[in-house]
Amino acid sequence: MTAIGLVALALIISLALRPVAFVPLIIFFWAVAFTAWFDGVGPAILAMALSCALADYFFFLHVSHNSWLVVLVRSVVFLLASGLVTGLAARQRRHSAKLEAILDGMSDAFLIYDRHWVCIRANRRARELLSRDPRGTVLWDAAPETKNTVVWDSLHRVMQERVALSYEHYYAPLKAWLQADCFPTEEGVSVFLRDVTERKHAEESLRSSETRYRFLAESMSQYVWTTDQSGKIDYVNRHFLEFTGLSFDEIRNGKTQELLHPEDRARVVAIVTESMRMGKPYEFEHRTLRKLDGTYRWFLTRCEPFRDEEGTLKWLGTGLDITERKKAADVIEENRQQMRMVLDAAKVGAWVWDLKTDEVTDLGNTSEILGISDLNHFQVFANIIHPEDLEHVKQSIASAIETGRYDAEHRIVRPDGEIRWLRALGSVLSDEDEKPAQMAGVSFDVTEKKRIEQALLKSEKLAAVGRLAASVSHEINNPLEAVTNLLFLIEREQNVDRLHEYIKVAQQELSRVTEIAKQTLRFHRQPSHRSTASAGELADSVLMLFRGRIAQAALQIQTEYAPNDIFLCYASEVRQVLTNLLSNAVDASARGGRIRVRTKVVTSSRLGKCVQVSVADTGRGMNPATQKQIYEPFFTTKETTGTGLGLWVSLEITRKHRGTIRVRSCDDPQRHGTVFVLLFPIENGAAASASSSAAD
């Protein structure tokens with residue numbers, strides 16, 4: 001459309017100037033030139049064709065003195081001239097487009113200002129950076145804040161002196177640092193702009209970091225230094241200078257080697273030389289002379305390679321005074337050796353268990369006691385715990401984590417198949433958050449002790465059976481005498497009714513003898529598995545054996561049993577405990593005294609749901625000193641009639657059942673008596689399987 005419009009305009013002008021004999025092709029020539037310049041080659045060709053057609057039709061065809069040859073020549077000349085103009089315009093447009101593409105592809109902003117400071121060119125990056133199109137605007141009007149700044153001074157100097165300059169400037173409207181490279185041009189000044197805000201911030205951060213790190217280095221108690229690529233020291237901190245007593249020049253010239261201990265010097269030089277040759281870090285301990293007092297101090301020296309901002313390899317080293325640590329380590333090692341000697345002499349193993357990682361550190365003898373090669377993890381220990389004792393150990397550990405104290409006695413199965421008894425005592429250590437972190441303790445083999453205890457238990461059981469013999473014989477003797485008398489009467493009795501009565505009484509007396517015999521057998525028999533039992537029934541079976549002694553002493557017996565006092569136990573052993581407690585109660589009670597036996601189900605914070613059995617008497621009681629010793633083997637207050645093992649055995653049996661035994665006693669003349677309280681865990685989860693095994 002532009003081409004047609006310009007050609008039409010040329011036609012109008014030519015027609016208007018026709019009387020002047022103006023050559024019409026000159027007017028059409030400029031129509032073609034403008035079309036080629038502004039619209040391109042295609043519209044220019046259209047303009048040439050229209051120009052020729054219109055000129056020939058309106059001008060040359062009606063001029064008589066012009067021949068067709070003249071018209072043709074003029075038209076060819078016009079076409080050639082127009083074609084030349086069109087070609088040059090097309091080339092210029094291509095160059096201009098190429099230049100524009102190059103400028104728009106630049107990462108830097110590019111602007112050209114003429115001599116009147118009007119922006120005549122700005123690439124895409126310039127428009128993006130300035131958030132506007134600056135073309136056609138005067139620099140100082142568009143950015144008045146740059147007047148009388150480095151921008152004003154630098155650009156005016158480039159314009160006037162025709163020299164290239166560079167500057168950096170913080171441009172407040174953009175909140176950015178800009179770097180400008182300015183060059184003089186024919187039009188005026190060209191400017192390359194780039195945003196260097198991040199670099200400026202990085203430089204500022206680097207300067208701040210350097211200041212901060214230098215402050216840290218100067219305030220550190222360690223000595224710090226850096227070296228150049230050749231290994232020559234180029235910085236040391238204040239502590240380095242104070243410790244060595246040397247000047248920086250002396251240190252830089254390598255005089256610090258003279259301060260190394262003669263025994264360490266060759267080794268240190270070799271390590272440093274090799275590390276710098278390989279470009280690898282190094283770490284070693286050595287002794288260095290302190291000039292202040294002339295003593296050698298132990299140091300841990302570390303050095304790491306790094307590259308500076310220019311990529312040059314350098315080294316950063318630190319030296320930490322570890323003299324006190326070395327002394328402490330020597331003391332610890334000496335103490336460890338002494339502890340190992342003590343552990344070896346006592347045949348005790350010491351260990352530390354990390355509760356977070358389950359790692360175990362054997363401080364001595366523990367692996368040997370367990371019969372394994374290496375104790376490094378809790379699972380290694382758990383694997384050799386006797387299966388029947390594993391749950392007990394887990395409960396003891398859980399209790400220790402709550403209470404802080406560990407105390408467990410259990411069996412282990414060594415790799416060679418031997419079963420040994422182990423006793424372990426420990427304490428739980430907490431971390432900074434007051435959470436359990438470690439358990440430290442000792443372990444020792446108590447197999448021989450357990451064998452002796454078992455022998456004592458058996459002997460005490462036999463002694464208990466012997467003590468019961470008098471009661472049992474008395475209980476059996478009375479019904480047997482009655483049966484003997486009844487048999488004598490039966491032999492002489494003629495009355496049938498009277499005879500049946502004698503036989504019935506004799507049967508009752510013999511049933512009593514049978515029951516006494518059964519209870520005695522139950523007392524002695526030791527089952528291989530635990531079974532469920534009623535605490536009240538166990539107490540009644542023992543009271544039956546003491547019925548003669550109780551009647552003879554005219555004692556009052558009060559019983560109160562809970563209906564659900566069922567628990568898992570070795571019944572004969574619990575009978576032995578009750579026998580010891582009831583025997584002591586009978587012996588301690590005066591004629592006409594009172595003994596009370598109660599059972600009930602309670603809940604213990606440590607043991608869970610339990611059966612509680614209490615035996616109380618109104619006897620003479622015990623003083624505090626006696627109460628502290630009652631569980632010691634062979635301690636007795638019965639002089640010639642007691643073995644001193646009864647309560648000790650009772651305590652061991654109670655512990656075997658994971659229970660507890662407590663005593664309260666008072667020997668005041670006005671208010672006296674003793675109460676023993678037993679707690680046995682019910683262990684409901686195991687009761688069913690145990691009872692079914694016993695039934696099988």
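Given the structure is predicted, the values throughout are model-derived calculations rather than measurements.
Here the rule is side-chain contact (heavy atoms from CB on, under 4.5 Å) with Leu174, and of Leu130, Asp195, Thr197 only Leu130 fits it.
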Salt bridge (Lys or Arg N to Asp or Glu O under 4.0 Å) between Lys200 and Glu168, intermediate numbers included: CA-CA 10 Å; Lys200 294 291 287 187; Glu168 289 182 355; 3.3 Å; yes
Step-by-step side-chain contact (heavy atoms from CB on, under 4.5 Å) determination, Lys291 to Leu246: CA-CA 9 Å; Lys291 278 294 187 71; Leu246 302 175; 4.0 Å; yes
Worked check of side-chain contact (heavy atoms from CB on, under 4.5 Å) between Phe110 and Arg125: CA-CA 7 Å; Phe110 176 73; Arg125 178 58 184 148; over 6 Å; no
Verdict with supporting geometry, Lys314 and Leu316, side-chain contact (heavy atoms from CB on, under 4.5 Å): CA-CA 7 Å; Lys314 302 184 71 175; Leu316 170 65; over 6 Å; no
Derivation and outcome, side-chain contact (heavy atoms from CB on, under 4.5 Å), residues Val413 and Ile384: CA-CA 5 Å; Val413 182; Ile384 64 173; 5.6 Å; no
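In this structure, NZ in Lys280 is found 9.0 Å from OG in Ser275, a value given to the nearest 0.5 Å. To the nearest 0.5 angstrom, Lys255 atom NZ is 14.0 Å from Ile233 atom CD1. One finds the CH2 atom of Trp225 at 12.5 Å from the OH atom of Tyr235 (value rounded to the nearest 0.5 Å). The line from CZ of Phe381 to CG of Leu375 is 8.0 Å long, rounded to the nearest 0.5 Å. Leu259 contributes atom CG, which lies 8.5 Å from atom CZ of Arg265 (distance to the nearest 0.5 angstrom). Rounding to the nearest 0.5 Å places CD1 of Ile682 at 5.0 Å from NZ of Lys609.
In this structure, the side chains of Asp234 and Arg252 come closer than 4.5 Å at one or more pairs of heavy atoms. Looking at heavy atoms from C-beta onward, Asp108 lies out of side-chain contact with Gln179 at the 4.5 angstrom threshold. Between Leu313 and Arg307 there is a side-chain heavy-atom pair separated by less than 4.5 Å. Counting heavy atoms from C-beta outward, Ser443 and Arg423 have side chains that stay 4.5 Å or more apart. Using a 4.5 Å heavy-atom threshold, the side chains of Glu359 and Asn376 count as separate. The shortest distance between side-chain heavy atoms of Glu409 and Trp421 falls below 4.5 Å. The shortest distance between side-chain heavy atoms of Val428 and Tyr406 does not fall below 4.5 Å. Counting only heavy atoms from C-beta outward, the side chains of Arg297 and Phe243 approach each other to under 4.5 Å.
Of all heavy-atom pairs between Leu241 and Phe248, the closest is CD2-N, 4.0 Å. In this structure, Glu145 and Pro173 approach most closely via the heavy-atom pair OE2-CG, 3.4 Å. In terms of heavy atoms, Val352 sits closest to Ala440 at CG2-CB, 4.1 Å. Taking each heavy atom of Leu193 and Leu129 in turn, the nearest pair found is CB-CD2, 4.2 Å. Across every non-hydrogen atom of Val189 and Val191, the tightest pair is CG1-CG2, 4.0 Å. Between Leu370 and Arg414, the closest heavy-atom pair is O-CG, 3.4 Å.
Within a 6.0 Å radius of CD in Glu274, other residues, nucleotides and ligands contribute more than 12 heavy atoms. No more than 12 heavy atoms of other residues, nucleotides or ligands sit less than 6.0 Å from atom CD of Glu198. The number of heavy-atom neighbours closer than 6.0 Å to CD of Glu418, taken from other residues, nucleotides and ligands shown, is above 12. For Arg325, the CZ atom counts as loosely surrounded, since its 6.0 Å shell holds 12 or fewer non-hydrogen atoms of other residues, nucleotides or ligands.
One finds a salt bridge joining Asp133 and Arg135 here, because a Lys/Arg side-chain nitrogen approaches an Asp/Glu carboxylate oxygen to under 4.0 Å. Between Glu285 and Lys326 a salt bridge is recorded (basic side-chain N to carboxylate O distance below 4.0 Å).
Side-chain atoms of Asp358 and Trp353 include a donor-acceptor pair closer than 3.5 Å. Side-chain contact, Ser247 with Asp249: no donor N or O sits under 3.5 Å from an acceptor N or O. Looking at Thr447 and Arg420, their side chains do bring a donor and an acceptor atom within 3.5 Å of each other. Side chains of Arg405 and Ser427: a donor on one and an acceptor on the other come within 3.5 Å.
Classification of the His239-Tyr223 ring pair by plane angle, with boundaries at 30° and 60°, yields parallel. Ring-plane geometry between Tyr113 and Trp117 is classed as tilted, the angle between the planes lying from 30 to 60 degrees on a 0 to 90 degree scale.
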Run the side-chain donor-acceptor check on residues 150-157: report pairs under 3.5 Å with partners two or more places apart or on a different chain.
unit_1, atom_1, unit_2, atom_2, d
Ser154, OG, Val150, O, 2.7
His156, ND1, Trp152, O, 2.9
Arg157, NE, Glu161, OE1, 3.0

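Between the side chain of Asp362 and the backbone N or O of Ser367, at least one donor-acceptor pair lies under 3.5 Å. Of the possible polar contacts, none joining the Asp181 side chain to the Phe192 backbone as a donor-acceptor pair under 3.5 Å is found. Checking side-chain atoms of Asp228 against main-chain N and O of Ser230 turns up a donor-acceptor pair under 3.5 Å.
Looking at residues two or more places apart in sequence or on another chain, you find no side-chain hydrogen bond (donor to acceptor under 3.5 Å, both in side chains) involving Asp354. Evaluation of the ring-ring contact (aromatic ring centres under 6.0 Å, His included) rule for Trp298 yields no partner, not counting sequence neighbours. In terms of the salt bridge (charged side-chain N to carboxylate O under 4.0 Å, His left out) criterion, residue partners of Asp264 (sequence neighbours excluded) are, by chain and number, Arg267, Arg287. Every residue meeting the salt bridge (charged side-chain N to carboxylate O under 4.0 Å, His left out) condition with Lys356, not counting sequence neighbours, appears here in chain and number order: Asp431. The ring-ring contact (aromatic ring centres under 6.0 Å, His included) test applied to His392 returns no partner, not counting sequence neighbours.
The distance between the ring centers of Trp648 and Tyr631 does not fall below 6.0 angstrom. Between Tyr167 and His169, the distance separating the two ring centers is not shorter than 6.0 angstrom.
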